[in-house]
Structures are given as C-alpha cells and as structure tokens.
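All of these numbers come straight from a predicted model, not from anything done at the bench. We're numbering straight along the sequence, starting at 1.
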Amino acid sequence: MNGFEAELRAVPEKRYHHLHPFNQRMHAGELTRDELRGWILNRFHYQRHIPVKDAFILAKLTTPELRRMWLRRIQDHDGAAPGEGGIERWLRLGEAAGLERSLLLSGEGVLPGVRLAVDGYVNLCRNGSALEAVAASLTELFAPDLMRTRIAAFERHYPWIDPDGLRYFQVRVSQGRQDSGEALALVLDWARTRADQDKAVAALAYKCDLLWSLLDAVDGAYR
C-alpha cells in the first residue's frame, strides 16, 4: 500500500459514520422503535439519491469501459426491472419495520438536516471533478464491515423487524466490496500530483462529514 492509499483509508477510519453515537446505539440494541423507523425513513432519502449522484459521475467518465462499469451502480440501486434493486430492498426494509411504502416514497417527514446533507453530496457529484466525485464514494471501503455488523445487530436486538427486510444489508456486503475496489483503483490512477491527491482526500472527508451530519439530524430529532 502506498502512502496516498494509506492516507485515503485513514479518512473513513477516523471519520466514517460507523463511529457516530447513533450508529453505536443502533448496533448495541439501544434504539427505540420510533428511532429506528425514523432512521429508516430519513436514510431512504439518501438511498433514493444514490443513482442520481451516480448519473452525474457517469456523465463525467470519458470511455465506454468506465461508463459501463459505473452504469452497473445505477442498475444496482434502480434495478433492471420493477421490483428489483437497492431502492426496492430499502422500501421492503421500511415495510418490515412497520412503515408504509407510500410514506417513504412521499418524502414526508424527511428532516431538513438530512435534505441538506443529501443535497451536499449530489452537488459534489454534479459540480466537482470526476476525481472528487469518485473519491467521495470511497466511504464504501468501510461499508462491508458496517453491513455485517448491522445484520448481526438487527437479528439480535430488533427481532420485531421481519428478517426478509435485511436483504438490503446482505447484498451490500459484496456490492460495497466491488464498488470500493473499482473506485479506489480509479482514484489511485488519476491522482498523480499532490494537488490532485489533496482534492481526493478532501472530497472523501467531505462525504464523511455529510454522512455524520445526516445522523446528527436523525439523532437530535427522535431522542
């Protein structure tokens, strides 16, 4: 591992939201039903914008090979057909937790702080360079471990949630590993100068801050 890769990995190690008190309480089984449902509802606002930010990244990529690779991410979330994909699996998580699908789709109850955080990420991918947008996605480096922790916590502490609702987390273990590996290879290839490396690190730190602020909003609203 070269010094730049180590620098990138150190950002989520210190700042990824697996360290946020809300996630810590979630995994310790300390959330109430209202808190967990509130998180599911608000996090859906983030989930439904993942293919939107990926579409902005896709438009910045300059070769068919890169576009085909990134197009898979959009399909992973939107699905190849109705009833498929990560967004659909999150809706089923909401239903398993007792939330109406129509409520999640309506956007009603999404907190202003969550909207601001999601807008910040989408705008980074819209207005930033391809390097910055792809570097911001490297929070996925820590996603597989987080998903495994979350699955175990839900199974142990929240048995009132239908186990079928955990499918989103289960699928993201392998998807996150693939996504982060591809993105890391691109960032390491593109960021050859110290200036570009600094931009990549800053974009990743900004993404970590956005995820943290999203949880700050949820944590403050439902306690």
Side-chain angles (χ1 to χ4, degrees), residues 1-18 20 42-79 85-87 90 113-144 146-147 171-172 174-215 217:
M1 183 188 305
N2 64 33
F4 175 45
E5 180 177 348
E7 190 176 357
L8 286 168
R9 290 181 180 276
V11 174
E13 183 177 348
K14 297 176 181 177
R15 302 173 69 166
Y16 188 49
H17 63 175
H18 68 304
H20 193 284
N42 279 277
R43 177 73 187 196
F44 180 68
H45 186 68
Y46 175 88
Q47 299 300 139
R48 75 195 309 181
H49 283 85
I50 290 175
V52 176
K53 67 90 179 173
D54 278 327
F56 284 121
I57 296 174
L58 180 68
K60 299 175 188 295
L61 300 177
T62 57
T63 69
E65 292 77 16
L66 290 176
R67 289 192 293 270
R68 281 194 293 268
M69 181 184 72
W70 214 267
L71 185 62
R72 190 202 71 246
R73 293 172 179 245
I74 297 175
Q75 191 170 87
D76 283 346
H77 285 274
D78 279 343
I87 291 175
W90 197 274
V114 171
R115 294 185 186 277
L116 284 171
V118 172
D119 286 349
Y121 187 29
V122 172
N123 285 332
L124 169 64
C125 296
R126 175 191 287 117
N127 300 320
S129 65
L131 170 63
E132 290 168 315
V134 173
S137 76
L138 288 176
T139 50
E140 292 282 0
L141 288 166
F142 277 61
L146 178 60
M147 294 300 103
V171 171
R172 284 306 297 167
S174 59
Q175 284 181 346
R177 188 180 303 111
Q178 180 178 10
D179 289 350
S180 62
E182 292 172 344
L184 179 61
L186 291 178
V187 172
L188 293 177
D189 181 50
W190 291 345
R192 300 296 181 89
T193 68
R194 185 65 251 184
D196 280 343
Q197 291 171 358
D198 287 344
K199 289 178 182 179
V201 170
L204 179 53
Y206 179 64
K207 168 71 174 307
C208 288
D209 289 347
L210 291 176
L211 292 174
W212 196 278
S213 65
L214 187 156
L215 284 182

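A salt bridge (charged side-chain N to carboxylate O under 4.0 Å, His left out) with E140 is found for exactly one of R177, R172, K207, namely R172.
Annotation: side chain of L184 is in contact with side chain of R9 (closest heavy-atom distance under 4.5 Å). Contact of the S213 side chain with the L116 side chain is not registered, since no non-hydrogen atoms from C-beta on lie closer than 4.5 Å. Side chains of L66 and L186 form a contact here, defined as non-hydrogen atoms less than 4.5 Å apart. Residues R48 and W90 form no side-chain contact, since every pair of their non-hydrogen atoms from C-beta on lies 4.5 Å or further apart. Within the 4.5 Å cutoff, no side-chain heavy atoms of M69 are placed close to those of E65. Between F4 and L188 the shortest side-chain heavy-atom distance falls below 4.5 Å. Annotation: side chain of W190 is not in contact with side chain of D196 (no heavy-atom distance under 4.5 Å). Annotation: side chain of L211 is in contact with side chain of Y46 (closest heavy-atom distance under 4.5 Å).
Minimum heavy-atom separation, D76 to Q175: CG-NE2, 3.5 Å. Nearest heavy-atom pair, S137 versus W70, reported as atom, atom and distance to 0.1 Å: OG-CH2, 4.1 Å. The two residues C208 and T139 make their nearest non-hydrogen contact at SG-CG2, 3.8 Å. The two atoms that bring L138 and S180 nearest to each other are CD2-O, 3.9 Å, heavy atoms only. Summarising the geometry of A135 relative to A200, their closest heavy-atom pair is CB-O, 3.6 Å, with the distance given to 0.1 Å. Contact record, C125 with A133: CA-CB, 4.0 Å, taken as the closest heavy-atom pair.
Taking the centre of each ring, H18 and F142 come in below the 6.0 Å mark.
Going from atom CG of L215 over to atom NE2 of H20 covers 5.0 Å, rounded to the nearest 0.5 Å. Distance check, rounded to the nearest 0.5 Å: NE2 of H49 to CG of D119 gives 6.5 Å. The line from OH of Y121 to CG of L124 is 7.5 Å long, rounded to the nearest 0.5 Å. Note: D54 CG to Q75 CD = 12.5 Å, rounded to the nearest 0.5 Å. Put simply, CD1 on I57 and CG on L71 are 12.5 Å apart, with the number rounded to the nearest 0.5 Å. One finds the CG atom of L204 at 8.5 Å from the CZ atom of R15 (value rounded to the nearest 0.5 Å).
A salt bridge links R194 with E7: the distance from a Lys NZ or Arg NE/NH1/NH2 to an Asp or Glu carboxylate oxygen falls below 4.0 Å.
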Go through the steps to decide whether I87 and F44 satisfy the test side chain to side chain contact (heavy atoms under 4.5 Å, CB included), and finish with yes or no. CA-CA 8 Å; I87 291 175; F44 180 68; 3.7 Å; yes
Using the side chain to side chain contact (heavy atoms under 4.5 Å, CB included) rule, take R72 and D179 through it: C-alpha gap first, then chi angles, then the decisive distance, then the call. CA-CA 10 Å; R72 190 202 71 246; D179 289 350; 2.5 Å; yes
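Judged by distance alone, the side chain of H77 and the main-chain N or O of R73 form no donor-acceptor pair under 3.5 Å. With hydrogens and angles ignored, the 3.5 Å screen pairs no side-chain donor or acceptor of R126 with any backbone N or O of F56. Of the possible polar contacts, one joining the Q197 side chain to the A191 backbone as a donor-acceptor pair under 3.5 Å is found.
Crowding of K199 atom NZ: a count of heavy atoms from other residues, nucleotides or ligands under 6.0 Å not exceeding 12.
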